[in-house]
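Notes follow once the structure below has been shown.
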Amino acid sequence: MRIAEIFYSIQGEGELAGVPSVFVRTAGCNLRCEWCDTPHASWEPVFEELPLDAILTRATALLPTENVPKHLVFTGGEPLIAPEAVELTQRFADDGWHVTVETSGNVYQPVQCDLLSLSPKLANSTPWQRDAGKHAPAHEQHRLDLPILQRLIDEYHHQLKFVVREPADLEEIDSILSQLRNVPLQQVQLMPEGTDAATLSRRAEWVVEACKDRGFRYCPRLQVELFGNARGK
Ligand code: SF4
């Protein structure tokens, strides 16, 4: 499997924010978000090819003691395009790990996980301003697949996390939610886009108000607050 990095840190986002977790980040993504915060796993992937046994061994070795709860965050890139995604998540689950899978939700694989963290990409992600927009049409074509998203929502305990940049993004979210079934409002999270504390703080003002108005959950980016979005932390 193509692995960009394996590291032990604190989950920064979503309902498990604050939980010490081992992150296994695959390299390769079927999208090219303009503001991607992990370009080493998408735009310019850097990776080593690792057998599944080695991934599990490395992840286990990062835990400080045997007593520490085993939390895995399987992320990317887009981890669900990895052909071995099902087998890897099954191996971790069989070994007693709590497994979170982070995905954009536009590709399906029957992974084994306790929490599926879905982050469908809005129009604000389309890279019209990068490389003369050459990736934008493909990104637009793939960023949302509502039948696949609905299947994932129906089959997994999930959270639905939207990265927002402008108040106008809320209309698109309302439209998407109106086309989905079985999404409790408390499972919907708004996360400001940004890789520095000042940007997040500025956007937080209206994002918090939008959460209050709609009954959504505000999603922090603790990794930015704690580590400045440094790679491998
Ligand atoms: S889906 Fe995630 S990893 Fe892929 S380009 Fe977008 S932000 Fe980056």
Side-chain angles (χ1 to χ4, degrees), residues 1-7 9 11-14 17 21 23-48 72-83 85 88 100-109 111 113 115-146 148-149 152-153 158-166 169 172-173 176 189-196 199-200 203 207 219-224 227-233:
M1 180 178 272
R2 293 183 169 185
I3 298 296
E5 55 189 345
I6 303 175
F7 59 97
S9 187
Q11 171 60 286
E13 304 171 3
S21 306
F23 290 74
V24 172
R25 187 185 306 285
T26 60
C29 189
N30 59 352
L31 298 181
R32 292 283 184 280
C33 298
E34 181 155 295
W35 38 254
C36 180
D37 58 356
T38 55
H40 57 291
S42 58
W43 285 84
E44 295 155 2
V46 178
F47 60 88
E48 57 182 323
L72 169 74
V73 180
F74 183 51
T75 187
E78 173 48 72
L80 295 193
I81 62 172
L88 185 74
T100 299
V101 173
E102 297 185 331
T103 173
S104 290
N106 57 42
V107 53
Y108 181 86
Q109 283 210 62
V111 283
C113 72
L115 172 63
L116 190 66
S117 185
L118 296 160
S119 185
K121 297 300 180 283
L122 303 176
N124 68 34
S125 65
T126 305
W128 296 108
Q129 307 304 323
R130 293 184 63 167
D131 294 348
K134 72 178 182 185
H135 297 292
H139 182 96
E140 269 300 301
Q141 188 181 349
H142 296 298
R143 69 180 171 85
L144 271 182
D145 187 317
L146 291 178
I148 288 179
L149 187 58
L152 292 166
I153 286 169
H158 64 276
Q159 60 189 14
L160 205 51
K161 196 171 59 179
F162 292 101
V163 178
V164 290
R165 272 186 144 177
E166 306 291 341
D169 294 338
E172 188 179 0
I173 293 170
I176 292 169
Q189 305 187 13
L190 301 187
M191 184 167 72
E193 190 274 322
T195 53
D196 63 82
T199 303
L200 294 183
R203 290 190 167 132
V207 176
C219 180
R221 284 180 183 255
L222 287 180
Q223 69 275 28
V224 175
F227 312 120
N229 207 46
R231 182 176 167 182
K233 287 186 173 177

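One-based numbering, in listed order, for ligands and for the atoms of each. The figures here come from the full heavy-atom set of this structure, side chains too, leaving out hydrogens, waters and symmetry mates.
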**Between OG1 on residue Thr126 and NE2 on residue His135, distance to nearest 0.5 Å** = 13.0 Å
**Shortest protein heavy-atom distance from atom 4 (Fe) of ligand 1, along with the residue and atom involved** = Cys29 SG, 2.3 Å
**Request:** Below 4.0 angstrom from a heavy atom of Ser104, which ligand 1 atoms are there? Numbered from 1 as shown, please.
**Result:** 1 (S)
**Prompt:** Are Glu78 and Thr103 linked by a side-chain donor-acceptor pair shorter than 3.5 Å?
**Reply:** yes
**Message:** Around atom CZ of Arg2, are there more than 12 heavy atoms from other residues, nucleotides or ligands closer than 6.0 Å?
**Reply:** no
**Asked** Taking the minimum heavy-atom distance to atom 8 (Fe) of ligand 1, which of Gly105, Cys36, Gly77 ranks first?
**Response** Cys36
**Complete:** The answer for which part of Thr38 has a heavy atom under 4.0 Å from ligand 1 is side chain
**Prompt:** Is there a donor-acceptor contact under 3.5 Å from the side chain of Trp43 to the main chain of Cys33?
**Reply:** yes
**Prompt:** For atom 6 (Fe) of ligand 1, which protein heavy atom lies nearest, and how many Å away is it?
**Reply:** Cys33 SG, 2.3 Å
**Asked** So, are Asp37 and Arg221 salt-bridged, with charged N and O less than 4.0 Å apart?
**Response** yes
**Fill in**
CZ of Phe74 to CZ of Arg25, rounded to nearest 0.5 Å, is 11.5 Å
**Request:** Run the numbers for me: atoms of ligand 1, each under 4.0 Å from some heavy atom of Leu31, listed by number.
**Result:** 5 (S)
**Item:** Ser42 and ligand 1 - part of the residue with a heavy-atom distance under 4.0 Å
**Value:** side chain
**Item:** Nearest-neighbour protein heavy atom for atom 2 (Fe) of ligand 1, which is reported as residue plus atom name and distance
**Value:** Lys121 CE, 4.2 Å
